[in-house]
Colleague: 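This is the structure, below, for whatever I ask next.
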Amino acid sequence: MLYTELLRLWHEAVQAVDTKDWQGALSKLEQISEPTSHTLFNAASAHLVLGQLDLALKALDLTIAKDERLAVGFFQRAAVMMQIDRLEEALSDCIWAQKHMRGNMVIDYRQLGLRFKLYSWQVLYNAAAVYCRMGQWEQAREVLLSASQERGGGRGGNIEVALDSVLKEEVLAPLLVPEDVVFRPRKQDVEQLQQRDFLGKAKVISSVIPNDDFGGFEPLRLQKPGFYEPKVDGAQDSRYMRMRMPYMARGPGQLTIPGGAMVFLFGEEGRDGLATVIYDGQKGLLPMSLLDPTDVKIPKGKKENRVPSGIPLPPGLKPPSRPQAQPSLAAPPRDTPPPSYNTATHVPLPASEPPRYTANAANKQHVGVAQGTEASSVVVKVHYTYTVALSVPVDIPFQEVKESIAEKLGQPASQLRLRYKQHGSRVLIPLGEEVEPGRTVQEVAEAGRATLWCQTEDPLDNRTILYQMVALYDYTAQGPEDLEFSEGDTIDVLGEVNEEWLEGHSAGHIGIFPSCFAYKENTNITQSPVL
C-alpha cells in the first residue's frame with residue numbers, strides 16, 4: 001500500500017474523530033491494508049467509545065505487537081482488561097507500562113502525534129485499581145503511597161481522594177487516554193497530499209516589506225515598511241487561560257471567577273494542583289484542571305497594548321547592575337552533589353524481569369514509609385536531599401517529630417531545621433517547637449497528612465532571617481558570590497546589599513541575588529538567630 005494512500009485514510013479518520021463520527025472513522029481505518037501501531041491505537045479508541053470492548057482489546061493487542069515498547073499501549077490495554085475482569089493480565093500490563101517508562105517521570109507523546117502525556121503516577125494509580133478489584137486493599141494502599149511521592153502535572157488531589165476511597169474499601173475507576181485524543185499524522189505530511197502548482201504565479205522580487213505576498217500585475221502601489229512576526233499555532237505558546245466552569249474560592253489565597261472568564265497564568269502548577277493566576281488585577285490561586293489554553297486575538301493597530309491591566313511584566317533577561325563583588329559571601333563548594341530526585345526515587349530496572357508493585361522496593365528507597373495509616377496517626381512526608389515518609393501519632397509534639405526525622409536521616413536533631421507551608425501560601429514557615437513547647441503535629445496536618453521541608457542549619461549559624469521571598473524566575477549565578485535558585489524556591493533574606501540586590505539563603509547556599517527576581521508575600525517571618 002502506498003504511503004500517500006495510508007496518509008490520506010489516516011487523515012480522514014482523524015477528521016471523523018474530530019466530528020465524533022466514530023463509525024466513519026472505523027470505516028476509514030479498516031480500508032488501510034497495512035495498518036501501523038498508531039492507526040491501530042486509533043481504531044481501539046473508536047471501539048471503546050462504541051462500547052465494543054472485545055474489538056478494542058484485539059486492536060490494542062495488534063498495536064503492542066507492532067510496537068512492543070509503546071508504554072501508552074500497555075497503559076490503555078490494562079484499563080480495558082479491568083473492564084472485562086481479566087485482572088491478572090491487567091496487572092501485568094501495568095507492570096510492563098511502568099518498565100517501558102524507563103525510569104522517566106513522564107513521557108510526552110506529542111512528537112509522535114498523540115497529544116497526551118503519560119505520567120508514572122497514572123500507571124501506579126491503575127495498578128492500585130487492579131488490587132482493589134482483587135480485594136487486596138493493603139497492596140492498593142501501598143501502591144498509592146508510592147504514587148503520592150511521584151511528581152507530575154495534572155495530578156491535583158487524585159491520589160489523596162483515591163487513598164480515602166481505599167480506606168473505605170471503594171473500588172477505584174481506571175484511568176484511560178481521553179476518547180478524542182488519537183494519533184495524528186504530521187501536518188507537513190498532510191499538506192503534501194494537496195495538488196501543487198509548480199509553475200506558480202508572478203510575485204514581487206524586491207520589496208521593502210519583509211515577506212511581501214503581493215502577486216499579479218496590478219498597478220504600482222505605495223508600500224509601507226513593516227515587521228515580520230512569527231506565528232504560533234493557536235494557543236500553543238499562550239499564557240492566557242479560559243475558565244472551563246465557574247469556581248468559588250475554597251481556601252485562603254484562592255479566587256472566585258465565573259465560567260468562561262480569561263485569566264493570565266502567572267505561576268506553574270504546585271504540588272496541590274493549584275496555580276497562581278491574575279484576574280481583573282488580582283493575583284490568586286485556581287485549580288489547574290479548570291483552565292484551558294486560549295489564543296488571544298489582537299486587533300491591528302493595537303499591538304502596543306499587549307499586556308492587559310493588572311498583569312506585571314517580567315524583569316529583563318539581564319539582572320540590574322551588580323554591586324561590588326563580595327567573595328566572603330560565597331558558599332563553600334560541596335564535595336559531592338546531592339542525589340537528584342530521579343536517583344532517590346527511581347532504581348534502574350533489571351533487564352530480566354519487570355518491576356513489581358510491592359511496598360518492599362519503595363521502603364528500601366524511601367526510608368520510613370508508613371506501614372499503616374490509622375485515624376490516630378499522621379503520614380509525614382519530609383523533603384530533604386531525598387524524600388522520606390513516616391507515620392507518627394496525631395498528638396506527638398514537634399520535638400519528638402524532629403527526633404524521629406533526625407533518626408531516619410542519620411543527622412543530629414540539633415542541626416536540623418523543619419519548615420512547613422500554610423494553606424494557600426508558598427512561604428516556608430519554621431516549626432516553633434523551641435518557642436512554643438507542647439505544640440503537636442496535628443496543627444500542621446490536613447486530612448491525616450503533613451508535608452515538611454528539612455535542611456541542616458550549618459550555613460545559617462549565627463545569622464538572622466529578616467523575612468522570606470519566593471523566586472519568580474530562574475536565576476543563574478554570574479559569579480562565586482551569587483545565590484542560584486529556580487522558579488518557586490523559597491529564599492531566606494539575610495540582609496540588603498543595596499536597593500536592587502539582597503543577600504539570601506536557599507538550599508544550603510548563601511549568596512547575593514537581584515531583588516526583582518523574587519517577591520515577598522504578605523506573610524512576614526522575623527525570627528532571632530537560628531539556634
Colleague: Looking only at heavy atoms, what is the nearest atom pair of Leu175 and Ala79, with distance?
Modeller: O-CB, 3.6 Å
Colleague: What pair of heavy atoms forms the shortest contact from Ala127 to Cys94, and how long is it?
Modeller: N-SG, 3.8 Å
Colleague: Are Phe513 and Tyr475 close enough that their ring centers fall under 6.0 Å?
Modeller: no
Colleague: Can you sort out the partners of Arg86 under salt bridge (charged side-chain N to carboxylate O under 4.0 Å, His left out), two or more places apart, ordered by chain and number?
Modeller: Glu89
Colleague: Is the shortest side-chain heavy-atom distance between Phe41 and Ser37 below 4.5 Å?
Modeller: no
Colleague: To the nearest 0.5 Å, what is the distance between CD on Gln31 and OG1 on Thr39?
Modeller: 12.5 Å
Colleague: Nearest heavy-atom pair of Cys132 and Ala140: which atoms, and what distance?
Modeller: SG-CB, 3.8 Å
Colleague: To the nearest 0.5 Å, how far apart are CG in Leu285 and OH in Tyr247?
Modeller: 8.5 Å
Colleague: Give the intermediate values and the outcome of side chain to side chain contact (heavy atoms under 4.5 Å, CB included) for residues Val17 and Asn42.
Modeller: CA-CA 9 Å; Val17 169; Asn42 292 357; over 6 Å; no
Colleague: As an exercise, state the distance from CG of Asp489 to OG of Ser506, rounded to the nearest 0.5 Å.
Modeller: 4.5 Å
Colleague: Is there a side-chain contact between Gln76 and Thr63, using heavy atoms and a 4.5 Å cut-off?
Modeller: no
Colleague: Please verify the inter-ring angle class for His38 with Phe183; under 30° counts as parallel, over 60° as perpendicular, anything in between as tilted.
Modeller: parallel
Colleague: Within the 4.5 Å heavy-atom criterion, are Lys20 and Glu179 side-chain neighbours or not?
Modeller: yes
Colleague: With the side chain counted from C-beta on, respond yes when Gln122 and Val72 share a heavy-atom pair under 4.5 Å apart, and no when they do not.
Modeller: no
Colleague: Check the surroundings of atom CD in Gln111: do more than 12 heavy atoms from other residues, nucleotides or ligands lie under 6.0 Å from it?
Modeller: no
Colleague: So, Ser120 versus Gln98: side-chain donor-acceptor pair below 3.5 Å or not?
Modeller: yes
Colleague: Contact between Gln52 and Trp22 at the side-chain level, heavy atoms closer than 4.5 Å - yes or no?
Modeller: no
Colleague: Is the shortest side-chain heavy-atom distance between Pro185 and Val14 below 4.5 Å?
Modeller: yes
Colleague: Tell me whether the guanidinium CZ or amine NZ of Lys283 lies under 6.0 angstrom from the six-membered ring centre of Tyr519 and within 45° of its axis.
Modeller: yes
Colleague: How close do Phe485 and Tyr473 get, counting heavy atoms only, and between which atoms?
Modeller: CE1-O, 3.5 Å
Colleague: How close do Ala129 and Met82 get, counting heavy atoms only, and between which atoms?
Modeller: CB-SD, 3.8 Å
Colleague: Return the CH2 to OG1 distance between Trp10 and Thr36, rounded to the nearest 0.5 Å.
Modeller: 5.5 Å
Colleague: Taking salt bridge (charged side-chain N to carboxylate O under 4.0 Å, His left out) as the test, write out the residues that go with Asp189, two or more places apart.
Modeller: Arg186
Colleague: Restricting to pairs with a member in residues 57-70, which pass salt bridge (Lys or Arg N to Asp or Glu O under 4.0 Å), not counting sequence neighbours?
Modeller: Asp61-Arg77
Colleague: Can you find a heavy atom in the side chain of Met288 that is under 4.5 Å from one in the side chain of Leu291?
Modeller: yes
Colleague: If you measure from CE on Met262 to CD1 on Ile278, what distance do you get to the nearest 0.5 Å?
Modeller: 14.5 Å
Colleague: Rounded to the nearest 0.5 Å, how far apart are CG of Leu290 and CE of Met245?
Modeller: 6.0 Å
Colleague: Quick one, His100 and Leu118 - any side-chain contact, counting heavy atoms below 4.5 Å?
Modeller: no
